[in-house]
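Take a look at the structure below.
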Amino acid sequence: MSAPWPIWVLFGAPVAALLVGYFYCHQRCPERTHWPILASCAATALAALWLAFQVYEGAGWDFIVYRWAAIGGFTVDFGVRLDGLSASVLAMVCVVSGLIHIYAVGYMEGEPGTSRFFLYFHLFFLSMLGLLVSNNYLQTYVFWEGVGLASFLLIGFWYPKESARRASWKAFLTNRVGDIGFILAIFLLLREAGSVRFEEVFARLGNITPGMRMTIGLLLFWGAAAKSAQFPLHVWLPDAMEGPTPVSALMHAATMVTAGVFLMARSMPLLESAPPVLAVITVAGLITAIGAAIVSVSKRDLKRILAYSTVSQLGLMMVAIGTGNLVGAVFHLITHGFFKALLFLCAGSVIHGLHSSLHGAVSAGVDDAGGLGRDLPYTGGAFLVGALALSGVPPLAGFFSKDLILEGALESGHGLAALTFLIALGSSLYIFRMLLLTFFGARAQQRGPKAHAHEPGLLMRVPVLILAVLSASAGVFGGTVARMLGFQPPHFVLGVAVSGTLVAAAGFGVAYFLTMSRPSFDWEWRARFPWLERWLECDFGWQKATDAIAGGGAALAHFVAGAWESRRWDPFTESLATGCVQLGEGLSAVCRGRLNEYVWWMFVGAAALAFTVLLCF
Amino acid sequence: MDSGLLVWGVSGVLFLVGGAFLVLRRQLIAMIIGVELMINAANLALVHAAVRRGDAEGLAAALLIIAAAAAEAVVGLWLVLRRLRDGETAETDSLRELSG
């Protein structure tokens with residue numbers, strides 16, 4: 001089947017927008033750089049939706065656009081693979097990206113460097129598209145690095161801030177640690193299967209020994225764990241909240257961090273052929289999801305609560321991958337993209353509304369908020385929708401996707417199911433705690449807004465509204481996603497649905513008790529157990545451990561640089577250089593400015609050269 | 001005596017004479033003549049080798065070299081002419097700016 005033209009729109013529009021944006025707008029009219037970029041968002045969103053519909057109708061494409069290099073049997077290709085997995089995630093990414101681009105126009109208004117912001121933002125979008133539609137591991141890796149680069153640039157967008165610079169480096173370096181696993185997996189695949197193209201790799205799995213399949217699977221998961229913020233490589237994501245809120249919403253919640261889950265879903269045939277890897281993924285996902293949920297409950301910064309919530313939800317998706325529940329993982333990835341983007345945008349609206357009370361800080365904590373529901377009814381309502389969707393209250397989106405994951409866990413064992421329900425309880429608890437602390441009731445410890453907080457403008461409200469509608473209704477796409485992935489529509493298990501809802505309600509109850517019935521609880525336990533807060537502040541000590549590891553590496557590098565480079569190696573290279581200079585000065589005595597002598601030396605040199613050549617060959 | 005040896009010999013002698021001109025003569029025009037002699041010595045050898053091998057590559061190279069030599073002679077003579085017009089001599093002893 002030949003490729004339909006919307007596939008070319010998918011790449012052509014962002015590339016054209018970036019070129020126009022950089023070479024024309026950025027130079028001439030930086031306040032309008034977002035115009036071509038918004039046009040590109042609209043075009044790609046339409047193209048992605050059309051393609052997703054075609055794939056739903058049974059179409060599918062897997063072809064090579066451009067052969068970049070061929071070395072023996074090994075080829076480096078730029079290819080496109082549009083199947084149910086990439087098309088369904090692509091549709092979500094394009095819709096959410098477009099909405100957040102619009103929101104960012106309002107959010108970044110008046111900031112210095114918005115032109116740079118939109119170029120980076122769209123560069124991320126382009127890389128994400130390339131990652132999703134890739135038909136081989138190498139191309140995935142290239143765009144994997146592309147989104148990592150955009151993430152680095154945007155976390156450090158406010159680079160005059162020391163904390164932003166540190167956070168961007170932390171994110172980049174942690175991801176490098178994961179990338180080592182990914183690239184080693186690609187090398188091994190190339191050696192064992194002779195190809196990096198998905199369909200060829202999966203067709204040749206039988207030729208690979210089980211031990212090697214397991215190694216490759218574990219290395220791939222190591223890469224995915226860094227990108228999708230899974231324990232032990234999750235440490236960068238909370239710090240990544242130093243970036244502007246639209247960045248946190250789009251990249252560090254809805255799309256980029258799900259790339260790891262996407263990679264695992266893409267590699268499902270490989271993972272299923274190596275059951276121990278699935279077990280490792282399940283355990284890592286459980287540890288991440290439960291740990292992050294607990295830490296999230298203890299956080300005070302609005303964006304960090306949501307960041308740990310993202311880590312926890314990604315852990316839940318990994319649990320789904322680990323239980324072989326592809327539909328659950330992908331469907332939760334999509335609904336999570338909608339409602340987590342919504343929650344982040346609401347947090348952004350709160351920060352925007354409190355701007356005058358924050359003294360220039362780029363984020364707000366629960367201490368700055370309190371009773372904002374009165375001032376920001378629209379944002380509060382949208383946040384409520386997002387919270388209900390996240391906690392899994394029917395009939396909102398999160399209910400259906402979380403339900404699927406719970407069912408999958410139940411099929412794998414009761415212990416696993418119990419732990420998964422615990423994650424659901426935690427997510428309901430932290431999100432309602434945040435909702436109640438921010439929007440309902442004012443506590444003595446909360447400063448609240450000095451003046452009235454104000455609702456944002458239409459540019460920010462409309463995307464929030466659309467995302468709220470999608471978060472509420474995306475549950476109906478469960479059957480669609482299942483069909484696109486080649487599965488039967490999920491069956492409805494009443495027991496799981498009821499208990500899931502009860503767990504969400506229990507989470508709400510606990511959150512209500514701790515924030516409304518005992519309004520000062522959140523501050524009391526901190527005062528009474530300062531060690532507990534410190535312990536949770538550094539992720540049960542893991543942040544400190546990684547700091548120590550990174551610090552040790554840096555100290556070693558400093559030692560090598562000081563003791564070896566500057567004392568042993570530098571004198572050697574310097575003596576080489578001074579030797580060359582002295583030799584030249586000595587030989588320059590020959591040059592007395594007589595042309596005939598120069599010709600003579602030329603002959604001598606040519607003769608010596610000819611003699612050497614004759615002698616050697 | 002083999003005619004080939006004769007051609008090689010003439011070519012070699014021409015080359016050496018040209019080289020001697022370059023090294024020993026102090027007049028710029030004489031040095032240019034030396035260069036021309038060396039180029040033509042190489043050309044002679046090239047044409048001879050091409051004929052013996054029976055291919056056209058050497059001949060083509062010789063033609064190219066003749067063109068390059070003509071261009072080189074034009075540039076060289078023009079430079080000498082400039083110096084003479086400026087009232088300088090065409091002796092190499094007057095060119096000492098290249099000393100190291």
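Atoms considered below: every heavy atom in the structure, side chains included; atoms not considered: hydrogens, waters and symmetry mates. First the proteins, then the strands, lettered A, B, ... as listed; each starts at 1.
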Could you state the interatomic distance from CG (A/Asn596) to CE (B/Met31), rounded to the nearest 0.5 Å? 4.5 Å

Is the number of heavy atoms from other residues, nucleotides or ligands under 6.0 Å of A/Arg204 CZ greater than 12? yes

Look up atom CG in B/Leu22 and atom CZ in A/Phe603, then write down how far apart they are to the nearest 0.5 Å. 5.0 Å

Would you say OH of A/Tyr22 has more than 12 non-hydrogen atoms from neighbouring residues, nucleotides or ligands within 6.0 angstrom? no

Should we say atom CD of B/Gln27 is surrounded by more than 12 heavy atoms from elsewhere, each under 6.0 Å from it? yes

Looking at B/Leu77, I want to see if its CG is surrounded by more than 12 non-hydrogen atoms of other residues, nucleotides or ligands under 6.0 Å. yes

Do B/Val23 and A/Glu597 come close enough that some side-chain heavy atom pair is under 4.5 Å? no

Honestly, the part of B/Leu24 sitting under 4.5 Å from a heavy atom of chain A is backbone

